[in-house]
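What you see below is based on every heavy atom in this structure, not just the backbone, and it leaves out hydrogens, waters and symmetry mates. Every value quoted in this text rests on a predicted model; they were computed, and no experiment measured them. So you know, we letter chains A, B, ... as the sequences are listed, proteins then strands, and number each from 1.
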2 protein chains.
Amino acid sequence: MADVAAEAHVSVKTVSRVVNHEPGVRPDTAERVRAVIERLGFRRHDGARLMRQGRTFTIALVVEDLANPFYSQVGAAVEREARIRQHQLITASAEGSPSRERAVIEALVGRRVDGIVVVPADESASSDAVLEASHTPIVYMDRPVRGTPRDTILSDNHGGIRSAVEHLVAHGHRNIAFYGDDPAFWTARQRRDAFVTTQQSLGLPASPRVSMGPHTPVSVHETLSQWTTGPEPITAVITGNNRITLAALLALRELRLPLSLVGYDDFELAALIDPPVTVVHQDPAAMGQKAAQQLFARLLGDESQAQTVVMPTRLIVRASGIRRGTPTR
Amino acid sequence: MADVAAEAHVSVKTVSRVVNHEPGVRPDTAERVRAVIERLGFRRHDGARLMRQGRTFTIALVVEDLANPFYSQVGAAVEREARIRQHQLITASAEGSPSRERAVIEALVGRRVDGIVVVPADESASSDAVLEASHTPIVYMDRPVRGTPRDTILSDNHGGIRSAVEHLVAHGHRNIAFYGDDPAFWTARQRRDAFVTTQQSLGLPASPRVSMGPHTPVSVHETLSQWTTGPEPITAVITGNNRITLAALLALRELRLPLSLVGYDDFELAALIDPPVTVVHQDPAAMGQKAAQQLFARLLGDESQAQTVVMPTRLIVRASGIRRGTPTR
DNA sequence: CGGTGGTCAGACAACGCTGTCATGCCCGCA
DNA sequence: TGCGGGCATGACAGCGTTGTCTGACCACCG
């Protein structure tokens, strides 16, 4: 900028004015400056600019794994909201590790990002203290965090599971198994609990078949063959997330079992699997958008109390949930 | 930092030394400074620091759409490489628009990101001039760009398609159709050309059935019903990407046609579709990693000539490509 | 002709940090 | 006692901008 100023025989301030389209520059002066800028290939250094202004026009998204379709859809939505508002998005993966999450967030706070959307790795959110001290606005997503109340965007896990159970019961199922993820995850517990209470409220047989923990096709296979052969054999399965749905599909195919299945999370091509898989659809793009919007509201000075938004889920009925007891192939 | 210095009765420089673990500070002084830092909740402002140092420790990734699994896997891989090297990753979607891509890249250059990985929206890459002037290292991915030679990471489209054709021919197919994407895309043209030349080299009948352009299930449906009923009916289909594979699967299902299918791009659950879909697998994570590594090599001062790396593809054989002519349901 | 007000432009400091160099002190040694 | 050398620390400038304030110049008016 100093070079441009010297070359155009003006002060740096005038160059600044031209670059930022500020008023108070005679057209011919501005034109001269622009010509020099063009000739020298000058480009404003936004880092310096933003430092001067105390804002970075940058927000960050911290998730477990960007390659996971759920998070990548969230990421696309957040990036979109950011772009609309002239902000950049920094994305970071914590790989499910609280310590890495903390490190990542410290780095982001060190860069003075204007705000952060986080899918927290654990409920105690040790990183929260960092954010508290730095006053960086934050929105939690998908999972809540203990401690200071924060804006949080959740999915209606309870409603989603209830709709799945009700759907199956409406089609005559009474013995339903639930495969959930590791109960260390808040969402896994939520869905499990929803399953149990819904069963109770619908007056289904007690001692529900519930299997938690990280699941593999093999682990599903084992319990499945057990629960289908004993007394009161199950006729339907509900899976607690994407990966487990996949494991269950493989196990069902292997066992050639004609069970009904409702999966949590929609996935590409769910309609093409035979039978097409009925799913509880949560809308990651909508969640990401909502989270970003909430964050930007804070950035614009919204000082109202932290709020928790629960986003609705939707049951997408495909064949897998209704062909009760009939072989699918 | 000035506050900390005053409070600890030292100079800002000493605080700086403590914060950065520089030598030459007496342990008791350092301890005193650390205590004040803790008490005041001071945190180094990395923006200022990096500005002083002239680097941003930030790289950027510009793609079409972050929610697309291909790109999100690339993104995860690039982010990983960046994190390992203490860099942050800014991701941006250009949504396939050259003008938006240009705007995005200008913003990134304005922020002085250290380097950029781009999946270019078009071959003329108007944004290239910007990068040229700013000397920002860049690596192009998936598609090459005309003009100044640049580091470019491509996938072996030709080899991938050839393996698909050879696989089908080995199983007795002689009349194969190819559905490609809009020929405006370089990759689409590559794959189409590979299909045509491979057919020729294998001595298959001329006048290959090739259908390009954005495809919908309906558009595939139309040509498909035509090509299967005329003389020399086709017995197999090769699809040029993810979305077209999906369209073709829907069309095949609708028409209840027992054709063999080989799709380009692997996708989650390809194994679960009936019949399991044989695919040409390109490895987005490996491509992203390679691109990032190449970029960082440049950042570390590698001045060698720009190089183009072609990443191998792999044919994943599943049932869809081998059950020649036998109905699948 | 002096005063007033508007327009255009520049000087300067500051944003928060770090690289460079200078300073002061203490120690050991002749 | 004087001096060289190492160590701990500080002063200062500068990274590339922009906000604030000041000033030069001109036109207009009474």
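The nearest whole Å value for the distance from the CE atom in B:M1 to the C1' atom in C:dG19 is 13 Å. Atom CD in B:E22 sits roughly 14 Å away from atom P in C:dC17 (whole-Å rounding). For the pair A:R112 CZ and C:dC17 C1', the interatomic distance rounds to 11 Å; values are reported in whole Å.
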Go through the steps to decide whether B:N157 and B:T187 satisfy the test side chain to side chain donor-acceptor pair (under 3.5 Å), and finish with yes or no.
CA-CA 7 Å; B:N157 294 295; B:T187 46; 5.8 Å; no
Letter by letter from the 5' end, nucleotides 4-10 of chain C scores (B base, S sugar-phosphate only, - none; protein heavy atoms under 4.0 Å) ----SBB
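Side-chain contact, B:T56 with B:D114: a donor N or O sits under 3.5 Å from an acceptor N or O. B:R143 and B:T152 are not linked by any side-chain donor-acceptor pair at a separation below 3.5 angstrom, with hydrogens and angles left out of the test. Under the 3.5 Å distance criterion, with hydrogens and angles disregarded, a donor-acceptor pair is assigned to the side chains of A:D181 and A:N241.
Salt-bridge formation is not detected for the pair A:R34/A:E38: no Lys NZ or Arg NE/NH1/NH2 atom is positioned less than 4.0 Å from an Asp or Glu carboxylate oxygen.
For B:S16 and C:dT18, the shortest distance from a side-chain N or O to OP1 or OP2 is below 4.0 Å.
Proximity of B:M141 to B:Y71: side-chain heavy atoms (C-beta onward) are nowhere separated by under 4.5 Å. Inter-residue side-chain proximity for A:R83 and A:Q88 is flagged as unmet; no heavy-atom pair is nearer than 4.5 Å.
Near-neighbour residues of DNA chain C inside residues 35-58 of chain A, defined by a heavy atom below 4.0 Å, number-ordered: A:M51, A:R52.
A side-chain contact (heavy atoms from CB on, under 4.5 Å) with A:I153 is found for one member of A:V119, A:V309, A:L295 and no other, namely A:V309.
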